[in-house]
Every structure is written in C-alpha cells, then in structure tokens.
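One structure is given below, encoded as structure tokens.
Note that the coordinates shown come from a computational prediction; the quantities given were computed from them, not determined experimentally. Lettering of chains follows the sequences in order, A, B, ..., and the numbering in each one begins at 1.
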2 protein chains.
Amino acid sequence: MIQAPLDHDALRKALEAAGLRSTSQRLAVYDQLAAMPHHPTAEEVFQAVRSSLPKISLATVYKALEALVAIGVVGRLNAADGAGSARYDARSEDHYHFRCLRTGTIHDLPTEFDPKLIEHLDPLLAEDLRRQGFQVTGYRLELLGYRRTDGRDA
Amino acid sequence: MIQAPLDHDALRKALEAAGLRSTSQRLAVYDQLAAMPHHPTAEEVFQAVRSSLPKISLATVYKALEALVAIGVVGRLNAADGAGSARYDARSEDHYHFRCLRTGTIHDLPTEFDPKLIEHLDPLLAEDLRRQGFQVTGYRLELLGYRRTDGRDA
DNA sequence: ATTCTTGCAAACCTTTTGCAGCCTA
DNA sequence: TAGGCTGCAAAAGGTTTGCAAGAAT
C-alpha cells in the first residue's frame, strides 16, 4: 500500500513551516487528492472537492494544488504527451507510474522493486554526463501500456 | 552521434507509405526539427521554419508535426510538469532524455548504455503487473537535473 | 490588525478547428 | 482533376491573474 497520506495535523505543520496558512480549501484538496487512486486532473479534484466545499472555485483548486506542490507533499505529473491537462499525485517521494495509452489515466506502481534504479545506471554514463555538464538529481520512470478495462478506469 | 536524420527521399517515402502527401512545409518542419539539438516547442520550430518558408503559419507547423508524429519519424515529449508546451524530437526509437530543471530544455542522452532497461526490471514485478491487468508495452526514462550554463541552453 | 487566501471574471497561452483557395499525386 | 494541405482567423481547452471581500494568525 503505497504510503500513508498525511493527516490534518501533519499537513498544517507542513504548510506552517513554509509560511503558508492552513485553510479548509487546502486541507480538502489534499484529502480528496489522497483519496483518489488514479492521479486526477485539477478539474477532477475540483469536482471531488465540491462535495465537501460546494462553493470552492476552480482557481482556488489550482492555487491549493500549487501550494501543496510547493511544500513538497504533492507532485505534479506531466500530461500524456504534451496535450491535455496536468495530473496530481499525493505522494511526494520517488515512485513509478503506469500510464494507460487508451485512457490516459495514471496508476501507481508497487515499489517493492528497485527503489534506487538510478544507482544501476551505468556509472560510466554518469561520469560521462557529468563531464558534459549534466548534473543528475533525479529521474522519472514511467511504464506505458494498456490497462484491462474492469472498473476504476474510464 | 544520436542518429542520422532522414533525407528528403526517405521522408517522402515515409509520408507516401502512410497515404500522406509530401509538402515543402512538412519537409521544412522536419529539417528544422532535426537540426535543433534541444528538443524545441512548436513555437520554436515555427520561428526556425520561417527562415526558409516565411509565409508558413503556426497552425501548419502544428499540423505538420502531428503528421510527422503519426508516421513515427518524430516524437512528442510531454511538458515539464504538465504546464507549458509540448516538445518535439526528430528521433523515433527509444532513447533517454535529460531535462534541465532550470530552463526546461530537454537533451538527448547518449544511448551506449542499457538499451533494454525494462528487461532488467524485476520479472516478478512484471508478472505481478500482468496479474493486475497492466499490459506493459514500453517505458519512458527521463533523467532530471541541472545543465551547466555554457551555450546552447537559454 | 495584518497579511494571506478565496472566489469571481477576465486574461493568457497553447493547441485545435472551419473553411476557401492552393498544391500534390 | 480530385482530394489532401495550407493559411487565416476564430474557437477551444487548460491555467493564471487582478482584485475586492473574507479568513487565518
């Protein structure tokens, strides 16, 4: 099971530590995001959050997501191939994604394997890159394919 | 050195084989794209192509890029993290990218290493994924970091 | 009390589309 | 010649911004 989402106290502290205020909108956005298994778009988060905060606006959802990304408790994922909208992820640490080429949805991958993939990359390559002026600080691995249609997928 | 870009004859054949026509705009877009080392946005391609075809329109550049992606001679890369614009790549086969977190530019990585990374992924995981309904057909690996500022980068 | 945040609407940017005229096969 | 393609302009998403009123510290 992925990772325990932050509770309100932890999230309040994280916001506070960054000099940001903890508002009901930010908490609600985080809660809804953490509860959605397929990393949703801002619009999807908006629709979900309306159930608890009917008067929230889409702009506020964008701002809240931006704040959560800024403090590092939420990640923003790129769109399928440059088109469409961004997707958000309540996990902050490195992990892998599976992107369904049919629906565009993104799923978390179990991370029992290879948590430090980059250490396996050819050390010679790393040396080579450094020499060329590339300082590598992280990586992103995404598996592509098709998800059996049987439920949570659209 | 990466890969030889297609010459006009090869590109004409590729377009023809797909039932598409070879136009000066499509050839020019491909040429400019292949000549740019840091995978450019549609707008950047547009500006570059104007030097040879001053009356080309941005819409045509988008359509040409779409055609080139459709026949598989150009790849479309996702935007940095969901925001901004897509970037294009005149290479079609699997390879790796380095994304500069400062400028957003994307560079090709030398591919001397690990051309079949996915085969190294835990076979157990692959089995696990299949059981869960994920059919993996490809993957995307992107290194993130900072590029020494010394030239082609903005 | 002060400063940050919200919500609304308008602005913005990237990408797509409709259509008349042009060009390729 | 026929049908795809271009170029223009307008439309369509998705995301950001300006600002007055409201909320958090």
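- In this structure, B:His8 NE2 and B:Leu27 CG are separated by 5.0 Å, a value rounded to the nearest 0.5 Å.
- If you measure from atom CD of A:Gln47 to atom P of D:dG14, you get 12 Å, rounded to the nearest angstrom.
- Residue A:Gln25 contributes atom CD, which lies 13 Å from atom C1' of D:dA21 at whole-angstrom precision.
- Checking B:Arg12, B:Lys13, B:Glu16 one by one against B:Ser22, the side-chain hydrogen bond (donor to acceptor under 3.5 Å, both in side chains) holds for a single residue, B:Arg12.
- Taken to the nearest 0.5 Å, the CG atom of B:Leu33 stands 10.5 Å off from the CD atom of B:Glu44.
- Surrounding CD of B:Glu66 are at most 12 heavy atoms belonging to other residues, nucleotides or ligands under 6.0 Å away.
- If you take CD of A:Glu43 and P of D:dA12, they are 17 Å apart, rounded to a whole angstrom.
- Rounded to whole Å, atom C1' of D:dC8 lies 13 Å from atom CZ of B:Arg50.
- Counting only heavy atoms from C-beta outward, the side chains of B:Thr41 and B:Val45 never approach each other to under 4.5 Å.
- Cluster annotation: B:Leu58 and B:Met36 are assigned to distinct hydrophobic clusters (Ile/Leu/Val/Met/Phe/Trp/Tyr, side-chain heavy-atom contacts under 4.5 Å, transitive).
- Listed by residue number, A:Lys55, A:Ile56, A:Ser57, A:Ala59, A:Thr60, A:Lys63 are the residues of residues 51-66 of chain A with a heavy-atom contact under 4.0 Å to DNA chain C.
- Contact check, B:Thr23 against D:dT6: a side-chain N or O comes under 4.0 Å of OP1 or OP2.
- As a whole-Å value, the separation of B:Arg26 CZ from C:dC22 C1' is 14 Å.
- Considering CG of B:Leu77 and OH of B:Tyr88, their distance stands at 10.0 Å, rounded to 0.5 Å.
- Across residues 11-22 of chain A, A:Leu20, A:Arg21 each have a non-hydrogen atom less than 4.0 Å from an atom of DNA chain C (numbered order).
- Both A:Ser24 and B:Thr41 lie near DNA chain C, and the one whose nearest nucleotide falls closer to the 5' end is A:Ser24.
- If you measure from atom CZ of A:Arg76 to atom P of D:dT15, you get 8 Å, rounded to the nearest angstrom.
- Under the side chain to side chain donor-acceptor pair (under 3.5 Å) criterion, B:Ser57 pairs with B:Thr60, sequence neighbours left out.
- The distance from atom CG of B:Asp31 to atom CZ of B:Arg26, rounded to the nearest 0.5 Å, is 14.5 Å.
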